[in-house]
Amino acid sequence: MQQKRNIQIIEWEDLDKRKFYSFGVFMTMTIRATVYPAMLIRTRLQVQKGKSLYSGTYDAFRKILRAEGVRGLYRGFMVNTFTLISGQAYITTYELVRKYVSNYSKDNTLKSLVAGGSASLVAQSITVPIDVISQQLMMQGQGEHLTRFKLKPKASGAKHTVTFCQTRDIIAQIFAADGFRGFYRGYVASLLTYIPNSAVWWPFYHFYAEQLSKMAPSDCPHLILQAMAGPLAAATASTVTNPMDVVRARVQVEGRNSIIETFKQLMHEEGCWGMTKGLSARIISSTPTAIVMVVGYETLKKLSLRPELVDSRHW
């Protein structure tokens, strides 16, 4: 624990790991359910040509809700819940790498940067196949003309196709078209997006929290400052990495093979503004995500403290 900092950081060795993982699954699932509609809207905005389908985030939300109902905002959600695995892998890697780097440096920014990037590398290796499938499901409905894969039409009078059958249908089409490699389409683009995003987010999170602590009254709860620092860090990281996120979405949904060619075509067709596609939706989704994640994660670590350390941590 770094005692010199105004906001104390609960490190890996301070945690009861059994409690940490038990509470962590619930926290991750809550976050996913909260922000999934914004993720779906962001994907459709990034993949559409110009403003052919939606004029913006609110327009997309209104049209999807009107045409597809609430279910339309949660297309592919059940598949996406498998990212619970990558979520646990992410936080484990982050905490372990922080602990490892602390053996060589006590600089918190360096520890956060290296640990954040490493955690994203591990998590994306698990997440990309899940994302590829869930993104194809996200694009069904109003966005189905923008993707190569479409669900088979239901027979006349048939009941709604269950989620498992839809997922199996998309998986079969991806495998038939691209083989196993199809499930890792956009893997490099994902790494180029999320490793920098994670590496930037954590140092800025601690930086903003520290700056806020200097301006806030001494009796201000640390959790409030951390809840404010999270969205600021998320907005910063989202803005920096959004161009690569647009390219990643195009590669994965449209079945492209070249990151460079996708980037060139996007610049040619839509110019620099094309690189901002989905940015507002991304910030909108990342803001509640950051608040819920920070409050949940810091609360999770507080609840998971080893008994002998509970009274020694300011909250």
Side-chain angles (χ1 to χ4, degrees), residues 12 17 20-21 24-25 27-29 31-32 35-36 39-40 42-43 46 76-101 111-138 149 167 170-175 177-203 205 234 237-238 240-260 262-263 282 285-286 289 293 297:
W12 181 250
K17 309 306 186 293
F20 183 72
Y21 285 114
V25 170
M27 181 197 75
T28 305
M29 187 65 180
I31 293 172
R32 293 287 178 183
V35 305
Y36 191 80
M39 291 171 58
L40 181 144
R42 181 192 75 192
T43 299
Q46 289 177 334
F77 176 70
M78 293 307 296
V79 174
N80 194 261
T81 59
F82 284 97
T83 54
L84 284 171
I85 300 170
S86 63
Q88 297 306 301
Y90 180 93
I91 57 177
T92 300
T93 304
Y94 176 77
E95 293 294 346
L96 287 176
V97 172
R98 271 187 66 90
K99 180 180 179 181
Y100 177 78
V101 175
K111 289 194 292 184
S112 299
L113 190 150
V114 175
S118 301
S120 188
L121 173 62
V122 172
Q124 285 304 306
S125 298
I126 302 170
T127 299
V128 168
I130 301 171
D131 273 349
V132 168
I133 298 167
S134 65
Q135 283 177 343
Q136 294 296 339
L137 290 168
M138 285 178 184
F149 308 116
T167 303
I170 291 296
I171 290 174
Q173 290 184 53
I174 294 172
F175 187 76
D178 302 323
F180 182 76
R181 290 180 60 185
F183 297 102
Y184 272 90
R185 185 176 293 280
Y187 177 62
V188 174
S190 292
L191 295 183
L192 292 176
T193 300
Y194 291 116
I195 288 179
N197 188 82
S198 182
V200 168
W201 192 94
W202 286 101
Y205 165 61
S238 294
V240 170
T241 62
N242 196 72
M244 199 63 228
D245 194 40
V246 176
V247 174
R248 175 197 61 80
R250 290 284 180 99
V251 168
Q252 291 182 330
V253 174
E254 296 180 355
R256 297 176 178 272
N257 292 314
S258 173
I259 295 173
I260 296 176
T262 301
F263 175 79
R282 195 174 179 206
S285 68
S286 66
T289 301
M293 188 185 81
Y297 190 60

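Quick caveat: nothing in here was measured; it's all calculated off a predicted structure.
Side chains of Arg98 and Ser118: no donor on one and acceptor on the other come within 3.5 Å. Defined by atom type and a distance below 3.5 Å, a donor-acceptor pair is missing between the side-chain atoms of Thr81 and Arg32. Looking at Thr241 and Tyr194, their side chains never bring a donor and an acceptor atom within 3.5 Å of each other.
Taking the side chain as every heavy atom from C-beta outward, Met244 and Ile259 approach each other to under 4.5 Å. When side chains are defined from C-beta on, Leu137 does not count as touching Phe77, because their heavy atoms never get closer than 4.5 Å. Side-chain contact check for Val128 versus Phe183: every heavy-atom pair is 4.5 Å or farther apart. At a threshold of 4.5 Å between non-hydrogen side-chain atoms, the residues Pro243 and Val246 do not count as touching. With a 4.5 Å cut-off on side-chain heavy atoms, Gln88 and Ile91 count as touching. Side-chain contact between Arg250 and Val247 is absent, with no heavy atoms from C-beta onward closer than 4.5 Å. Looking at heavy atoms from C-beta onward, Gln136 lies out of side-chain contact with Thr43 at the 4.5 angstrom threshold.
Put simply, OG on Ser112 and CH2 on Trp201 are 9.5 Å apart, with the number rounded to the nearest 0.5 Å. Put simply, CZ on Phe82 and CG on Asp131 are 13.5 Å apart, with the number rounded to the nearest 0.5 Å. The CE atom of Met78 sits 9.0 Å away from atom OG1 of Thr167, with the distance rounded to the nearest 0.5 Å. Atom CG of Asp245 sits about 11.5 Å away from atom CG of Leu192, to the nearest 0.5 Å. Here the CD1-CD distance, from Ile130 to Gln135, works out to 12.0 Å after rounding to the nearest 0.5 Å. From Ile126, atom CD1 reaches atom CG of Leu84 across 11.5 Å, with rounding to the nearest 0.5 Å.
The minimum heavy-atom distance linking Gly186 with Arg248 is given by the pair O-CG, 4.4 Å. Across all non-hydrogen atoms, the minimal contact from Ser134 to Gly76 is CB-O, 3.8 Å.
Side-chain rings of Tyr94 and Trp12 stay apart, their centers remaining 6.0 Å or farther from each other.
Using a 30° and 60° split on the angle between ring planes, Trp202 and Tyr90 fall in the parallel class, below 30°.
With respect to the salt-bridge test (charged N to carboxylate O, under 4.0 angstrom), the residues Arg181 and Asp178 do not qualify.
Between the side chain of Thr92 and the backbone N or O of Ala89, no donor-acceptor pair lies under 3.5 Å. When atom types are taken as modelled, the side chain of Ser198 and the backbone of Ile195 share no donor-acceptor pair closer than 3.5 angstrom.
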